[in-house]
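Chain naming here is simple, since letters A, B, ... match the order of the sequence lines and numbering starts at 1 in each.
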There are 2 protein chains.
Amino acid sequence: MVSIKDIAKSLGVSTATVSKALNNKIGVSKEIRLRVLNKAKELGYITNNLARGMKTSKTFTIGVLISDITNPFFSEVILSMERVLYAKKYNLIICNVGENSEREREYLELLVSKKVDGIIAAPTADGQNMSVYRNLIRHGMKIVLFDRLISKIETDFVVIDNKAAIYDVVRYLAKMGHRKIGVIYGIESSYTGCERLKGFREAVKDLGLESHEEWIKSGYFMESESHKCALDILKEKERPTAMIATNDFTTLGIMRAAKEIGLKIPRDLSVIGFDDLEWMSIYSPPITTISQPTDVIGMSAATLLLDRIENNDTRRPRHVILKATLIERESVSKIQTRNV
Amino acid sequence: MVSIKDIAKSLGVSTATVSKALNNKIGVSKEIRLRVLNKAKELGYITNNLARGMKTSKTFTIGVLISDITNPFFSEVILSMERVLYAKKYNLIICNVGENSEREREYLELLVSKKVDGIIAAPTADGQNMSVYRNLIRHGMKIVLFDRLISKIETDFVVIDNKAAIYDVVRYLAKMGHRKIGVIYGIESSYTGCERLKGFREAVKDLGLESHEEWIKSGYFMESESHKCALDILKEKERPTAMIATNDFTTLGIMRAAKEIGLKIPRDLSVIGFDDLEWMSIYSPPITTISQPTDVIGMSAATLLLDRIENNDTRRPRHVILKATLIERESVSKIQTRNV
DNA sequence: AACCTCCAAGAAAACGTTTTCAAGACAATA
DNA sequence: TATTGTCTTGAAAACGTTTTCTTGGAGGTT
């Protein structure tokens with residue numbers, strides 16, 4: 001590989017001069033700068049970013065830590081992050097940690113060993129690595145959390161108002177006449193899992209709907225598990241008239257269960273999905289769903305981080321809380337209430 | 001940050017000794033090795049991989065170049081790659097280039113400046129950067145291509161037999177009695193786009209089916225465009241009895257068009273999708289589709305690359321060609337042929 | 001002619017590792 | 001005792017940059 005030294009030698013100047021020319025720094029005459037630039041192109045010179053990183057302690061690399069890139073929610077958020085980061089010449093190391101906190105720890109260490117300029121993370125559910133995150137922050141690592149957050153950590157984050165999202169959905173169902181509502185929630189120990197469940201319980205209580213513990217089950221944010229739970233719920237003698245999903249996998253699980261049992265949507269069962277995937281709008285019937293603003297989430301997270309990095313912004317943590325929106329389609333039926 | 005120097009100083013030994021101890025090299029006594037390891041843990045030492053990379057010219061980083069991480073095909077392949085690479089301590093820099101070859105070139109340069117150990121890429125459609133790839137290979141960069149490939153480049157690749165996949169589908173439709181078949185293909189200048197289209201044309205010719213240029217349109221691998229094309233095709237006075245998609249976005253486009261026009265599947269129109277996404281099996285009716293073995297694709301690509309890197313394997317290029325499979329569900333109807 | 005000022009240019013140090021090589025300690029053998 | 005061998009240790013160079021600081025020359029002013 002051709003290095004600055006090679007350019008310097010072939011031009012009979014010093015490496016210092018070449019470096020300055022290449023980086024548009026002052027202290028080089030127009031003439032020499034031009035000759036350096038030309039020679040660099042001629043030789044096909046490409047910066048060695050490891051060496052540069054060593055000197056400048058800046059790598060223009062951001063670590064992104066998520067549970068599953070296969071989940072459209074995450075891949076959409078990442079796309080949006082990349083858009084803003086790429087414009088500023090940063091790029092991403094993406095780490096898939098599943099729900100494995102051991103792996104999360106390993107990846108975090110890897111990211112610091114790679115000297116990333118910052119980290120954007122959706123922590124694993126169990127919060128095992130709280131102390132790791134805290135340590136990183138204490139050592140000056142810039143961290144932005146998103147989707148899930150760890151309550152006792154002082155750092156920027158961007159989330160949606162999960163509780164309100166589900167609360168609103170329950171209210172909507174109630175308005176449509178539903179009094180028996182089931183939910184497949186996620187991982188109870190995770191922020192999103194917990195908040196969404198809370199929203200559900202609160203709404204059911206506030207609105208005086210039927211409360212039935214058997215209609216509330218954890219699908220661990222997985223299709224197979226959600227499918228099993230939904231089957232259990234829908235096969236009971238007294239089953240809910242509406243089911244709420246709490247992520248895109250649980251939506252699929254519910255739908256598959258309904259299909260297997262032969263329940264027609266929305267005639268026999270109303271369903272509200274989570275996350276707005278393209279197939280939902282062409283499904284028969286089109287699925288009413290809660291939509292997270294993935295683009296805004298990604299953009300905000302990236303912008304917050306960039307702010308910390310570039311402006312060395314060290315004010316106290318900023319919290320971006322976004323609203324999810326209900327997209328009304330046709331998977332919810334109106335139920336006639338006898339006594340109105 | 002604590003460095004090897006710090007450990008050395010606090011223990012009164014040399015950095016050479018510390019390095020050897022940390023890396024399990026010979027030439028250090030048991031006693032000192034133990035003391036180094038303990039001290040490292042105590043101080044919270046983390047390797048600086050930039051510095052290490054400089055010396056060893058190895059970064060344990062692989063660049064992955066794709067068009068769109070939001071496409072489930074790619075995210076599944078990446079997940080599979082990551083599984084095998086993570087096990088060997090490598091990690092991934094993922095580059096989303098859209099279909100933008102300028103961006104592809106920039107990202108390729110970035111990857112070499114970051115000194116990645118190898119690159120796995122699905123090149124952009126237009127093949128603009130053929131010379132860039134060729135140059136990289138000539139300079140010793142290990143490259144594995146997947147999904148799409150650039151014909152005149154001598155390197156490892158893994159693809160599916162695209163032509164055969166579509167050919168088989170057409171044959172299947174013919175067997176079901178269809179003689180009027182339409183297709184929404186991808187980007188004609190891309191490998192996948194071109195091959196899939198070729199398979200279609202060949203099959204139609206070989207099997208003596210009705211050939212109608214108006215039923216063959218390019219959806220550019222995008223939902224919106226595919227939708228428009230499908231609409232055009234399905235609104236003609238004489239429309240095909242079956243439509244074939246050539247990636248997951250075209251599938252959606254066709255489905256949406258059919259829905260809008262009010263064509264019942266499979267009664268009024270048979271549809272064959274591409275890529276097997278989870279929603280397809282719970283759709284009504286479940287969609288018959290061509291499934292690519294994403295896990296094998298990812299695994300093979302990663303393994304090929306690892307082989308080149310770790311064994312410095314320099315034999316001639318190896319080609320992995322996989323078969324796509326047709327998953328028969330219920331979106332294709334049987335048509336009675338009059339004269340049998 | 002003497003003295004400044006300005007600026008281009010280069011020498012050298014530094015970033016944090018790994019690796020080579022020489023030196024020294026000790027034991028074993030002749 | 002002298003010689004050889006084995007093994008632990010450290011000094012120093014190197015990877016490819018950036019950056020600081022010094023130098024020296026050109027040009028301008030008294």
For this session: For the pair B/F74 and B/F146, name the ring-plane relationship: parallel under 30°, tilted 30 to 60°, perpendicular over 60°.
Result: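 B/F74 vs B/F146 ring planes: perpendicular.
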Exercise. For DNA chain D, which residues in residues 38-50 of chain A have a heavy atom at a distance below 4.0 Å?
Worked result: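 A/Y45, A/N48, in order of number.
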Exercise. Tell me, which of residues 6-32 of chain B have any heavy atom that sits under 4.0 Å from an atom in DNA chain D?
Worked result: B/G12, B/V13, B/S14, B/A16, B/T17, B/K20, B/G27, B/V28, B/S29, B/I32
State, without any angle test, whether [X] and [Y] hold a side-chain donor-acceptor pair at a distance under 3.5 Å.
X	Y	value
A/T124	A/E104	yes
B/E310	B/Y90	yes
A/S300	A/T303	no
A/N135	A/R138	yes
B/S101	B/N129	no
A/S80	A/D295	no

Regarding [X] and [Y], does a basic nitrogen lie under 4.0 Å from an acidic carboxylate oxygen?
X	Y	result
A/R318	A/D307	yes
A/K88	A/E82	no
B/D117	B/K142	no

Problem set entry | Side-chain touch B/I94/A/N91, heavy atoms, less than 4.5 angstrom | no
For this session: Determine, for B/Y45 and B/K41, whether the Lys NZ or Arg CZ falls below 6.0 Å from the six-membered ring centre while staying within 45 degrees of the axis.
Result: no
Exercise. Is it true that the NZ or CZ of B/R103 lies under 6.0 Å from the centre of A/Y86's six-membered ring and within 45 degrees of the ring axis?
Worked result: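 Here B/R103 passes the 6.0 Å and 45° test against A/Y86.
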Problem set entry | Qualifying residues under side chain to side chain donor-acceptor pair (under 3.5 Å), relative to B/S10, sequence neighbours excluded | none
Sub-3.5 Å pairs of nitrogen or oxygen atoms, protein against nucleotides 4-6 of chain D:
none

Seminar exercise, completed: Span of DNA chain C engaged by chain B, first through last nucleotide within the 4.0 Å heavy-atom cut-off, is C/dC15 to C/dT19
For this session: Mind checking the OG-CD1 spacing from A/S3 to A/I46? Nearest 0.5 Å is all I need.
Result: 13.0 Å
Exercise. How large an angle, rounded to 10°, do the end axes of the helix from C/dA1-D/dT30 to C/dA30-D/dT1 enclose when each is built from five base pairs?
Worked result: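 End-to-end axis angle for the helix from C/dA1-D/dT30 to C/dA30-D/dT1: 60°, rounded to 10°.
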